[in-house]
Every structure is written in C-alpha cells, then in structure tokens.
Amino acid sequence: MTTNNETAGVATDKDLSDLLPSPERREEGPYAVCECHQEIPCNPCVTSCPTGAITQDTINSTPDIDFDQCVGCRECVTACPGLACFVIDETYSEQKALVNIPYEFLPLPEKGESVTGLDREGNEVTEVQVKRVDDRESLNGSNVITIVVPKDKVHRIRNIKI
Ligand code: SF4
Ligand code: SF4
C-alpha cells in the first residue's frame, strides 16, 4: 500500500481507509472513490452526480459520498478536473476487480490490450488488461479507461502505462 504524504497530494493509507465504503457495500457492486484531500473551491463531482450521492459542506470542502446512493455510473470520474475520482467494482470475478480511471494521455489504449498498472506515485505494480475505453468525445470530460486488476491490488493501482 502507499505510504505517501500530503506534500505529494497522494492518498495515504489512512486517507484511503476513510474513503472506502463498508466491506458489505464493497461486495454489492461498483462504488466511487474520490481521492480528493485538498480544500479548494471545486465541485464538478457534486454537480455531475445524477443520484446526488456526492455532497460537500461548502464548495471548499472535500466531497463525501453516500454509498447507498452511488450506482457506479462513472460521471464523477470523467467530470473531476483533478482526476481524483475512480469507480471500483470488486464483484467482477473471484480473483479480479475493475478499476475505472480518468486518463488524459494519448494515444489511448485499446480494448483487450495489456498495459502496466501504476500506483499513485507512478510506480509499476503489475500487468493489467484494458476492458473498456470511453474517449472524451463520448463523455463530457476526461477519457475513462476500465482495467481488470488482481483483487489484492484494487486499491493500489490508479493509473496505467502503455
Ligand atoms: S459513480 Fe455516479 S452515482 Fe456514484 S458518486 Fe460518481 S457520479 Fe455519483
Ligand atoms: S471534482 Fe474532483 S477535485 Fe473537485 S472537489 Fe470533486 S473530487 Fe475534488
């Protein structure tokens, strides 16, 4: 797991544990995680969410997610300008999970391609498979890439390298 710090703007283990739903909810289907830890005036995650699952106390507050309301639609993933929101699905299979990541680089990977999964600091973790590619033309914001990852690395892999 990561051991990063606030100066790098990357989630620490404590940050991450505070963001995740209960183990029971994680077994029910996809859910969003917004790894947003800096109090800046920003709210596209809130305004993009079709179910009202994301709220803030003020526009400077970090977002809160009501996992009972989250349907895993990925709107927050494409909308967040900080590339801080992800949708995780730990119900994909016995051994594998899906991670939906915002992706700003070109070229985009292709569906079925094997790419390198990276952690939050850009370190290589393991090979992962691209399950789905949604480009920015089909969305309202960032490209979103869906990757298949080993379940034990689902909270570690947050980027890819082609
Ligand atoms: S995945 Fe969809 S429903 Fe869930 S928090 Fe993001 S925008 Fe809202
Ligand atoms: S849109 Fe992204 S950066 Fe802005 S508050 Fe929401 S999670 Fe944070």
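Along the sequence shown, residues carry numbers from 1. As the structure lists them, so they are numbered: ligands from 1, and atoms in each ligand from 1. Side-chain atoms are counted along with the backbone in the values below, which use heavy atoms only and exclude waters and symmetry mates.
- Protein residues lining ligand 1, listed by chain and number: A32, C49, P50, T51, I54, C70, V71, G72, C73, R74, E75, C76, V87 [non-hydrogen atoms, distance under 4.0 Å].
- Applying the 4.0 Å criterion to heavy atoms of C36 picks out, from ligand 2, the atoms 3 (S), 5 (S), 7 (S), 8 (Fe).
- In summary, K151 and E94 do not engage in a salt bridge, as defined by a charged side-chain N under 4.0 Å from a carboxylate O.
- In the vicinity of P81, heavy-atom distances shorter than 4.0 Å reach the ligand 2 atoms 1 (S).
- The SG atoms of C36 and C85 sit 2.5 Å or more apart.
- Heavy-atom contacts from other residues, nucleotides or ligands closer than 6.0 Å to CD of E104 number more than 12.
- Checked against E124 for a salt bridge (charged side-chain N to carboxylate O under 4.0 Å, His left out), the options K161, K153, R156 give a single hit: K161.
- Donor-acceptor pairing under 3.5 Å is recorded for the side chains of T146 and N100.
- In summary, the side chains of T91 and R26 do not present any donor paired with an acceptor at a separation below 3.5 Å, with no hydrogens or angles considered.
- Screening residues 44-83 for disulfide bond (SG atoms under 2.5 Å apart) gives no qualifying pairs among residues at least two apart or on separate chains.
- Proximity to P44 (heavy-atom distance under 4.0 Å) selects the following atoms of ligand 2: 1 (S).
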